[in-house]
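Here the structure comes first, spelled out in structure tokens, and everything after it is commentary.
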Amino acid sequence: MPSTVLVGAQWGDEGKGKITDLISSDYDYVVRYQGGNNAGHTVIHGGKKLALHLMPSGIMYESCIPVIGNGVVVDPSVLVDEMAKLESQGFSCERLVISCDAHVIMPYHRDLDGANEKRLGNNKIGTTKRGIGPAYQDKAARIGIRIQDLLDEKIFREKLETALAIKNPELQFYGLEPYTVEQICEDYLAYADIIRPHMAETAQILNQALREGKNILFEGAQATLLDIDHGTYPFVTSSSCCAGGACTGTGVGPKAIDKIIGISKAYITRVGSGPFPTELFDEDGETLSEIGHEYGVTTGRKRRCGWFDAVIARYATDCNSLTDMALTKLDVLSAFDTIKVCVAYKADGKEYDYFPMQQSALYPGHVEPVYVELPGWKGEDITGCRTFEELPENARKYVEYLEQIIGVRISIIAVGPDRDQTIFRGWSSR
């Protein structure tokens, strides 16, 4: 059966939660494959607005099994709290399955994350300070603690002693209090009792499901330009956000994947530090921010806003082998007489229609976006449109122009925040 990867095609916050929620019911499994609670998906379901951080969006559908894959880093305190909140709103978490190989975010990871950002000063990355990066660092250094280690108190204590022998001196270097094994065990063994029924060998479960003809939606967090390898390094997250991460983050091979859908806003935003060639510092940027309600789900930080960047869109199409694109927040552009699209960059005397080899060329003072201006549809309310033909002519031309310069079909168009404010153009999960 077909399986699909859903991936952000910009710097995150593209509306992946809404699109995942829209198509989740077509899948037997919805799997988070990377990141941690530094992600935030806003989902409006049954009149309720839900902010999901670790939980796969498939939790809303009883016919779907939500899975947290091995590529995710899990903060047990956040997971337990999120499960309790969902249960209180009528969403059962009984079906949730968590990979026993997923790594655990420890309290010292959170402390070190904040300390590192403070040390960087003006060069800070813009991390959420949730401990994500330090947890992945320990995973790569092979001193990480996995979900399965919580199953055996003796093993957990032994691994914790090893980790603290390294981490406590780091904490003290930053003037922070060290931890004892007992301190951490008191909380984490209690979390383990709650999480234990959900732990499983998820790679085996997912591959068996594929053999049985079931289909899977692989749900990415963050986005292509935040990928540890392919993003605007070092202003990136610490995991593989691109479609290839769905394989390494779940244990399912690439032959099982049929569709890869990228999510892009009709403009572009970014939270945190780093290059942003089309960033707007004028009234247009403020309009995008206010009408689009551009504030981070996880941190509440105001997002930086800019015009659509086709250079980035083509790059994301190549990195992920996109088969489809979902375009969100098209309704926000109803505020403009004219709309700009960046089709290339001018930097250091050269023009690029692809990402420059040296990304320092993307910084202000080096880069100048090359724009094409298109007529807008100012004042026309498109939130009630349910077919492509109902959109104003200039809105249709905008979508068609993006398809032409990106080179991939825009199969889903969101014209408002609600679930039903969506146009499908030949999209099929089958």
Under 3.5 Å, is there a donor-acceptor pair between the [X] and [Y] side chains?
X: Y267; Y: E294; result: yes
X: D138; Y: H103; result: no
X: Y61; Y: D21; result: yes
X: D111; Y: Y174; result: no

Shortest non-hydrogen contact from G416 toward D331
N-OD1, 3.4 Å
More than 12 heavy atoms of other groups within 6.0 Å of [X] [atom1]:
X: E62; atom1: CD; result: no
X: E283; atom1: CD; result: no
X: Q204; atom1: CD; result: no

Side chains of residues 339-346: which donor-acceptor partners sit under 3.5 Å, not counting sequence neighbours?
residue, atom, partner, partner atom, Å
Y345, OH, D309, OD1, 3.2
Y345, OH, D309, OD2, 2.6

Report yes or no: does [X] contribute a side-chain atom to a donor-acceptor pair with the main-chain N or O of [Y] at less than 3.5 Å?
X: N215; Y: D28; answer: yes
X: K265; Y: D13; answer: yes
X: S24; Y: T20; answer: yes

Between [Y] and [X], does any NZ, NE, NH1 or NH2 come within less than 4.0 Å of an OD or OE carboxylate oxygen?
X: K85; Y: D81; answer: yes
X: K397; Y: E400; answer: no
X: R196; Y: D193; answer: yes

Does anything in residues 361-370 form a side chain to side chain donor-acceptor pair (under 3.5 Å)? List the pairs, not counting sequence neighbours.
D348-H366
Per the side chain to side chain donor-acceptor pair (under 3.5 Å) rule, what does the pair list look like for residues 239-253, sequence neighbours excluded?
Q34-S239
Might you work through the ring-ring contact (aromatic ring centres under 6.0 Å, His included) test for Y188 and Y191, ending with a clear yes or no?
CA-CA 5 Å; Y188 276 64; Y191 297 140; 5.6 Å; yes
